Structures are given as C-alpha cells and as structure tokens.
Amino acid sequence: HAIAAAIRGEVFPLWATCVGIHDLVQVATGKVYAQFLTRTFADNLALPLHFEAKSRLLFDEDLFPGSQMLRHWLEDNAITFHHHQW
C-alpha cells in the first residue's frame with residue numbers, strides 16, 4: 001500500500017524501529033545491510049535527530065497537526081535512544 005501511494009504522489013509515512021528501518025531500506029533498494037550501513041557502536045547513547053530538507057512534508061502541519069512540535073523535540077533534544085552495532 002505504501003509503495004502504491006508513493007507512486008501516486010501521496011504522502012504515506014511508515015514507522016519502523018531499529019531493524020525495521022533496515023528491513024524497509026533493504027526491501028526498497030534490494031541491497032543487503034552491509035551495502036548501506038556502516039559499522040558503528042552506540043551503547044546507551046541519546047542523541048538529537050537531524051532531518052533532511054526533503055523530510056519537510058512529513059512535518060507538514062496541515063497534513064499532520066502537531067508534527068512541527070514533535071520535529072523540534074527530536075531535533076533540539078538528545079531524546080532518541082541508540083544502542084546498536086550497525
């Protein structure tokens with residue numbers, strides 16, 4: 001459904017956490033983890049997120065009321081938990 005919506009130009013955000021994000025990238029690109037991930041070690045690390053300019057639509061207040069507040073929380077505070085090796 002998400003791919004069909006994207007082809008039609010519709011916004012259809014997907015939520016994925018941890019390995020789910022890796023799985024979505026693998027399905028979308030056909031690449032395996034080692035082709036798009038870099039080995040890294042994050043042990044109980046909290047960081048702010050940095051969004052690309054093209055993610056603006058995801059935080060469009062008309063489409064998703066309250067999303068700008070969420071974006072600012074995620075960008076301005078070290079509240080995202082990281083614990084991974086990839």
Side-chain angles (χ1 to χ4, degrees):
H1 178 76
I3 293 172
I7 290 170
R8 291 190 303 271
E10 297 175 23
V11 175
F12 188 87
L14 295 176
W15 182 268
T17 303
C18 200
V19 174
I21 295 169
H22 305 162
D23 291 343
L24 286 175
V25 172
Q26 189 169 346
V27 167
T29 65
K31 296 181 178 182
V32 297
Y33 287 3
Q35 292 175 304
F36 63 85
L37 293 177
T38 302
R39 197 86 156 126
T40 186
F41 295 95
D43 187 18
N44 294 325
L45 180 63
L47 296 169
L49 295 181
H50 303 283
F51 296 98
E52 302 255 339
K54 59 186 171 186
S55 68
R56 286 189 188 140
L57 193 55
L58 182 60
F59 297 101
D60 184 316
E61 281 292 322
D62 293 329
L63 293 172
F64 308 107
S67 60
Q68 282 297 312
M69 183 173 56
L70 175 61
R71 180 183 182 143
H72 290 298
W73 285 343
L74 294 171
E75 284 182 322
D76 299 337
N77 302 288
I79 59 174
T80 62
F81 177 71
H82 301 269
H83 185 86
H84 29 218
Q85 296 177 359
W86 285 94

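Model, not experiment: these values are computed from the prediction. Counting begins at 1 with the first residue of the sequence.
- The shortest distance between side-chain heavy atoms of Val25 and His22 does not fall below 4.5 Å.
- Phe81 belongs to no hydrophobic cluster with other residues, because no ILVMFWY side-chain heavy atom falls under 4.5 Å from its own, directly or through intermediates.
- Clustering ILVMFWY residues whenever any of their side-chain heavy atoms sit less than 4.5 angstrom apart, transitively, puts Met69 in the very cluster that holds Leu49.
- Separation of atoms OG1 (Thr29) and CG (Leu24) is listed at 10.5 Å; rounding is to 0.5 Å.
- Between Lys31 and Gln26, the shortest heavy-atom contact is O-CG, 2.8 Å.
- Smallest separation of non-hydrogen atoms from Pro48 and Glu75: CB-O, 3.3 Å.
- Across all non-hydrogen atoms, the minimal contact from Glu52 to Arg71 is O-NH2, 4.3 Å.
- Grouping the Ile, Leu, Val, Met, Phe, Trp and Tyr side chains by contacts below 4.5 angstrom, directly or via other members, places Leu47 apart from Leu74.
- When all heavy atoms are compared, the tightest approach of Gln68 to Phe59 is NE2-O, 2.7 Å.
- Residues Ala78 and Ala46 approach most closely at O-CB, 3.4 Å, considering heavy atoms.
- Asp43 places a side-chain heavy atom less than 4.5 Å from the side chain of His83.
- In terms of heavy-atom proximity, Ile79 sits nearest to Trp73 at CD1-O, 3.6 Å.
- Interatomic distance, Phe51 CZ to Leu58 CG, rounded to the nearest 0.5 Å: 7.5 Å.
- Remark: Asp23 engages Tyr33 in a side chain to side chain donor-acceptor pair (under 3.5 Å) (not counting sequence neighbours).
- Residues passing the side chain to side chain contact (heavy atoms under 4.5 Å, CB included) test with Ala28: none are found, sequence neighbours excluded.
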